[in-house]
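A, B, ... follow the sequence lines: proteins, then strands. Residue 1 opens every chain. We use all heavy atoms of the structure for the numbers below, so side chains are in, but hydrogens, waters and symmetry mates are not.
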Amino acid sequence: MWVWSLILLPCILLWPPDSGADGRLRLGVVSERPDRPSEALEQYGPLNAYLERRLGDAGVRVADLVVARDLAEMAQRIEAGEVDALIEGVIPTLKLERDTQRIRPSLLVWRKGQRQYHSLFFVRRDSPITGLQDLAGKTIAFESKRSTSAYFVPLFRLRDAGLEVVPAESEAPSPEALRYHFVGSELNQAYWVHDGRADAGAFNDGDWERTPAAIREELRVIARTPPLLRWLVSFSTDLAPEIEQAVSEVLLEMHLNPEGLATLAAAARIVKLEHLTDDDRANLAYWARVFEEFN
Amino acid sequence: MLIFRGLSSKYALGIASILLGTMGLVLALAGYFVFEGTQALRAELTQSFSSIQSAHDVEALRTSGSYLGDRLFDPLYRLDVSALNEEIERIQAWLAPRSVLILDAEGRVITDGSLENPQYGRRYPIPKAAAPGEVAIEETPTGRLVHLPIGYAGMISGYARIALSDARTQAFVASLHAKVEAAWQGFVERFLAIALISILVALAASLLFGIRLSRSVSRPLRDMNRVVAHYAAGNLEHKLPEGPEDELGRLARSLNQMAVEHERARAQLMQLANYDSLTCLPNRNLFYDRLGQAIKKARREARGIALFFVDLDRFKEINDALGHDIGDILLGRVAHRLSRLVRETDTLARMGGDEFTLIVEDLVDEEAPRIIAQKLLDALAEPFALDERQLYVSASIGIALYPRDADSLDSLIKHADSAMYAAKASGRGGFRFFTQELQEQAHERLSLEHDLRRAIERGEFALYFQPLVRAEDGRVVALEALLRWNLDGAPCAPDRFIPVLEETGLIARLTDWALRESLSALTALEREGFGALRVCVNLSARQLQQANLLDLVDRVLVEFGMPPERLELEMTESSLLDDQLCQSNATQLTARGIRLAIDDFGTGYSSLTYLKRFDADALKIDCSFVRDMLVDPGDAQIVTTVLALAAGLGIESVAEGVESEEQGERLRSLGCDLLQGYLICRPLPLTELIDWMRRRAFGSAAEAG
């Protein structure tokens, strides 16, 4: 019996841990349409396949895409060590980083032509509201509770401005409270404000540009938030540095070849990726503080 | 195009053309009706599909109205333009409408489905009294306008305004049309391919069928053609299958019958052409053919042939005496007897008349033909019992041998013939082989013949005259004209050249000349005062056969003004036996009053019948009897008998060849009327004769004086 123990002990000691260090990469995304997980597969499947092809040479095996229905599931998966890399917006990334303590933002993602953006607040052109303070006791249309630029960022800015912001369906809110609706899309936010169903709306500057001209002309911007990095790639803190290095190299060069460019465009309209600058990290630190403060 | 000249090719092409034409017509008609029908059906189908599609769209809209109303209600109620746009996108994908608008309850545009949404807020009329789920459809010039009320529990919160255009239907129809067109093209191509294959198959089948049919139809004709070609080539052994009782069967039977008749006729012709009808032996033609074949074969195999020429002796006399019928029967019997002696491989033929030939092949030595010849003679030695008579017949046989005597057909025949004549000349009833001597004689004869022809052309002949005196007083009463000829400056013996003149017929060319010379001599003698003598001219059988003899005699007598009784024509018995023309001419001559003398009487048959029939005026006793009459009692008896016969018949008797006084005295004592011979005078030319006559007349006068 003791002979078997002598044989097995070295094997147990030398057995590699179940982590990225085993040469495996698991990319994770949060579905924007929880009801349609296939959409996430359609969007990011090609990117995953691309990585698999490119990393095969570096001895890195890319596993199936991990699609989480929401942030909570993603946090759970990260904590379970099932995700090695993550593509998400700044606020969800900060939230997952804070909640799990197992991911670290690493690369900046250009998306929809933007490196960074800011959120703006708008009202109907004929509205008497001129500033954030005028929103007390009013209603505002947000996109969805996962939205960075059309929910979290404006929410933090409003709270930073001292407003009480509550869900519209809250029972017995104070008269000064600003009640918010989730209307499902930036476009709907514009229509809601235009239609008078909400007094104000907030989304990023890109959304503003994409708002139908006929509607936009009827609206007016009353406030803007500080800038925010467009999107981020974060790696698991458990991931082996050489794998992170290999994956980063592939991602950073993707936009330089047509196949990579097309793959990026198909995955959430990404233009390219680059390293985070010091300013970027400072910006992230700002938002991390705001998030901590007002979440 | 030679191959189309045959009847079967024409039939095959004709039948194939008809079949092909018929199939082509059927295919063309089928194709026409199928094309016409399918073209009409195409339009109907397109229209029908179009209508069905439209109706189906409307029906689908009606049945989907409630569902769409429910589905659009929530986004409309929540002013979820994004969701509405997605719904519009789905509707557009489903119905391909010209436009889809989501209107609010007052008819204002909420969204047209585009991000820009340019019609936002624009107001459209809305149908009245519509309830949620009830689809209002109105026809417009460009299609249909559908209003789908969106609401819940009777409350209308907006409308989906869907403008359906004909374009979709038209696109559908176009698509349908394109599909039908493609299918139609495919159908046409397949149809054409099938038609082409059908035509090729039909062509092959038609040709095959046509060829088989035409062959079966034309086979009897081809068979007939082939057999008739055989017939034409002379091969009549082929026979046609006669088959059923139809036109071809009857034609085949007729052709077969024709062939049988033709074969029979040919056999008869062959028999007539090659066989003697009297004896059934091969005739001269076949003999020549067989001999030619035999010589070729003998030459090839280095063997010998013996050719026998068999000529019956005195057959002419039998024929004349007993009639041609008996003569023919006798020839048949002779042939029969000879036939029994010859082998199957030998050829016994009848050359004509009483002449037979025998070809004996595969000859080993010369002894064999000798034995055969003797057997032939022996076979004929037995008498023939005919018409209650016993007829004795002999034959003379000449034999020539191949290749010893001759190596060609003509020479062999000629030599056998020569040998036969030699046998006959040397005493009949025997045989002779051809010898070199015979050939030399023949050559000599030929040479003589040549000289004689030239002599005739040059007029080298002369007439000598020998007087005939009355026995009782020695007075000259007649002259015999005798032909003389000098060869190479020397007189040629008459018995040498005259037979040649007679045998060759050249003698006939001298008749006119001899008559003129003779009468001219009479005229000269008369002018000299020797009174009315008569002249005796010898006529051979050939001359007696001359068709113009009577005219010739008449003309010469008239020319010289000579009465016919002063001309005496001498002819032998055998001349008169020769043929009908001789006899007829002799009768005609005596009828004119011309005297007729039988020459060399006693050497032949000495037939009293002939003397009577031809009314002879004189009998001339042959010199051979006269010569020996004083020493040979037989001859003396003959002379006595002839003289008695002449006296009995009351005709003049003349003794020829009187050379001695004793002979003259004896003849005179026996009552001979006239004497002729060297005792009186040898034959002399006219001038010398005149001198002799003068001297004799002078002598007589002196004697008298």
Side-chain angles (χ1 to χ4, degrees), chain A residues 32-36 38-39 42 112-113 122-126 139-147 149-151 167-169 179-201 203-204 206-219 269, chain B residues 67-94 98-124 126 148-152 155-163:
Chain A
E32 290 187 23
R33 295 285 300 269
D35 54 329
R36 284 184 62 198
S38 62
E39 196 171 278
E42 286 169 17
K112 295 182 185 178
F122 59 91
V123 295
R124 270 187 69 97
R125 183 170 291 280
D126 55 4
T139 58
I140 189 168
F142 290 142
E143 187 212 346
S144 67
K145 60 182 177 184
R146 269 192 58 250
S147 175
S149 62
Y151 172 53
E169 56 272 20
R179 289 165 287 127
Y180 64 88
H181 298 273
F182 287 125
V183 299
S185 69
E186 291 85 350
L187 187 64
N188 284 349
Q189 287 175 274
Y191 278 101
W192 271 59
V193 173
H194 184 273
D195 192 56
R197 292 199 180 202
D199 296 310
F203 44 44
N204 71 48
D207 295 328
W208 176 254
E209 293 302 320
R210 285 186 290 275
T211 299
I215 305 295
R216 195 172 59 215
E217 283 166 8
E218 298 291 320
L219 302 177
R269 294 159 73 184
Chain B
Y67 167 75
L68 275 176
D70 284 349
R71 192 172 170 83
L72 290 170
F73 175 74
D74 279 344
L76 180 61
Y77 182 77
R78 288 190 288 109
L79 192 61
D80 187 346
V81 176
S82 295
L84 288 173
N85 284 352
E86 286 178 10
E87 294 300 333
I88 287 172
E89 201 175 328
R90 288 196 187 95
I91 291 169
Q92 281 171 333
W94 174 31
R98 200 163 62 231
S99 68
V100 181
L101 298 174
I102 303 296
L103 309 177
D104 64 13
E106 283 75 39
R108 284 191 300 268
V109 173
I110 293 172
T111 177
D112 60 4
S114 71
L115 189 64
E116 289 303 317
N117 198 12
Q119 295 197 69
Y120 177 74
R122 182 177 166 186
R123 195 162 191 151
Y124 281 91
I126 50 173
L148 176 67
I150 304 166
Y152 184 75
M155 186 195 77
I156 291 175
S157 52
Y159 298 89
R161 181 183 186 278
I162 305 170

Separation between CG (N117(B)) and OH (Y191(A)), nearest 0.5 Å, reads 3.0 Å

In short, L76(B) meets R197(A) closest at the heavy-atom pair O-NH2, 3.8 Å

Answer yes or no: is there a side-chain heavy-atom contact under 4.5 Å between L187(A) and N85(B)? yes

Note to self: Just checking E89(B): does its CD atom have more than 12 heavy atoms from other residues, nucleotides or ligands closer to it than 6.0 angstrom?
What the structure shows: no

| query | Any sub-3.5 Å donor-acceptor pair from N188(A)'s side-chain atoms to S82(B)'s backbone N or O? | reply | yes

Between E116(B) and P212(A), the two heavy atoms sitting closest are O-CB, 3.3 Å

When the 4.5 angstrom heavy-atom criterion is applied to L84(B) and chain A, the contacting part is neither

One should read off an interatomic distance between W192(A) CH2 and R78(B) CZ, to the nearest 0.5 angstrom, of 8.0 Å

